[in-house]
Amino acid sequence: MTAAARAPLARSSLEAHLYMDLHPCACGQSRFDRASTVLELPGGGLCRRYAGPCARCGAPREFLFALPERPVEAEADEVRYGGPDPSELLDAGEWLWVADSYARSVPADPHRLPEPERRLARTRLASAAAAIDEVLRLVPAGSDHVPQDAVGSQVGTSMYHREPGRFRVQRLVAVREAYRSALRLFT
C-alpha cells in the first residue's frame, strides 16, 4: 500500500493548512512553498499532496491528505474546519491550543482598529470559536468532558495534564459563547 493510500482525512483545506502549520520542519520552520496536486488513491478516492522546500533550510516537505467525499460548506464570514465528524488530524489539546492562539491575537478593543485589522481580528476570533467546536466534537455522547484518550500529541497531552478542567463541556461551551459574543462587537 502506498503512502497516499494511508493518507489521513483533511476535511477542508483550512484544516490541512492548519495541520501543516502545526508540524514544522526539523529546523523548526513551518512555512514552505506549498505546491498542491490532487492524486487518485488505489481503489478510488482522492488525496491532495502538498510539497515544497522549507522556507528556512530548503529541506523537502510533503504532506498527503485524503479528500472528503463532499467539501465543507461555510457561509461567507464563517470559519469551519470540517463537517460533523471529528478531526483525524488534530487532537483535542491541539484544537484548544489553536483556539487560545487565535483568541490571544485579538485586541481587547476591536472598535478602534482600522478596517483591515478589524477584519483580521474578526477572522481570528471566528477561528478560535470554530476550534472550540472541534474540541467539542471529540466529547463522547453523554459525557461531560473530553476523554484523555482524545489527546495524543505532545501539545495536547501537555495542555490536558496542565489544565484538565479546560476540557469540561460546560467550560468549553462558555468559552465558545464568549468568543461568539465578542464577535458581535465587530458588526
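Since the structure is predicted, the reported quantities are computational estimates derived from the model, not experimental observations. Heavy atoms only: backbone and side chains are in, while hydrogens, waters and symmetry mates are out.
- Residues C25 and R56 have side chains not in contact (no heavy-atom distance under 4.5 Å, counting atoms from C-beta outward).
- Other residues, nucleotides and ligands place more than 12 heavy atoms under 6.0 Å from the CD atom of E115.
- Taking hydrophobic clusters as Ile, Leu, Val, Met, Phe, Trp and Tyr residues chained together by side-chain heavy-atom distances below 4.5 Å, V79 does not share a cluster with L120.
- Formation of a donor-acceptor pair under 3.5 Å by the E15 side chain with backbone atoms of R11 is found in this model.
- Hydrophobic cluster membership for L9: none, as no Ile, Leu, Val, Met, Phe, Trp or Tyr side chain comes under 4.5 Å of it.
- Ring planes of H17 and Y50: perpendicular class, angle over 60° (limits at 30 and 60°).
- Counting only distance, with no hydrogens or angles, the side chain of R176 and the backbone of D133 share no donor-acceptor pair below 3.5 Å.
- The shortest distance between side-chain heavy atoms of F63 and R34 does not fall below 4.5 Å.
- When all heavy atoms of V98 and A131 are compared, the pair lying nearest together is CG1-CB, 4.0 Å.
- Smallest separation of non-hydrogen atoms from E73 and R80: O-NH1, 2.7 Å.
- Between the NE2 atom in H23 and the CG atom in L18 there is a gap of 9.5 Å [rounded to 0.5 Å].
- Taking all atoms of both residues into account, the shortest heavy-atom contact from V169 to H145 is CG2-N, 3.8 Å.
- You'll find the side chain of L172 reaches within 4.5 Å of the side chain of V146, heavy atoms only.
- In this structure the side chain of F65 never reaches within 4.5 angstrom of the side chain of E88, judged on heavy atoms.
- Taking hydrophobic clusters as Ile, Leu, Val, Met, Phe, Trp and Tyr residues chained together by side-chain heavy-atom distances below 4.5 Å, V72 does not share a cluster with V135.
- Between L39 and L64, some side-chain heavy-atom pair lies under the 4.5 Å cut-off.
- Residue-environment remark: CD (E69) stays at or below the threshold of 12 foreign heavy atoms within 6.0 Å.
- Contact detail for L89 and S87: the closest heavy-atom pair is N-OG, 2.9 Å.
- No continuous path of hydrophobic side-chain contacts links L183 to L113 [ILVMFWY only; heavy atoms under 4.5 Å].
- Using a 4.5 Å cut-off on side-chain heavy atoms (C-beta onward), V151 and M159 make no contact.
- A heavy-atom distance below 4.5 Å is not found between the side chains of E134 and L90.
- Within a 6.0 Å radius of CD in Q154, no more than 12 heavy atoms belonging to other residues, nucleotides or ligands are found.
- The two residues P164 and H161 come nearest to each other via the heavy atoms CD-O, 3.8 Å.
- Using a cut-off of 4.0 Å between Lys/Arg side-chain N and Asp/Glu carboxylate O, R168 and D144 are scored as salt-bridged.
- Atom CG of L96 sits about 9.5 Å away from atom OG of S101, to the nearest 0.5 Å.
- Cluster note: L67 groups with V38, L46 through ILVMFWY side-chain heavy atoms spaced under 4.5 Å, whether in direct contact or through intervening members.
- Between the side chain of Q29 and the backbone N or O of R31 there is at least one donor-acceptor pair closer than 3.5 Å.
- For the pair D91/W97, no side-chain contact is recorded, criterion being any heavy-atom separation below 4.5 Å from C-beta on.
- Formation of a donor-acceptor pair under 3.5 Å by the S105 side chain with backbone atoms of Y102 is found in this model.
- Taking CZ of R166 as the reference point, atom CZ of R171 lies at 6.0 Å (rounded to 0.5 Å).
- Residue P147 comes nearest to P140 through the heavy atom pair CD-CD, 3.4 Å, listed as atom of the first residue, atom of the second, then distance.
- Using the six-membered ring where Trp is involved, Y81 and W95 have ring planes that are tilted, between 30° and 60° apart.
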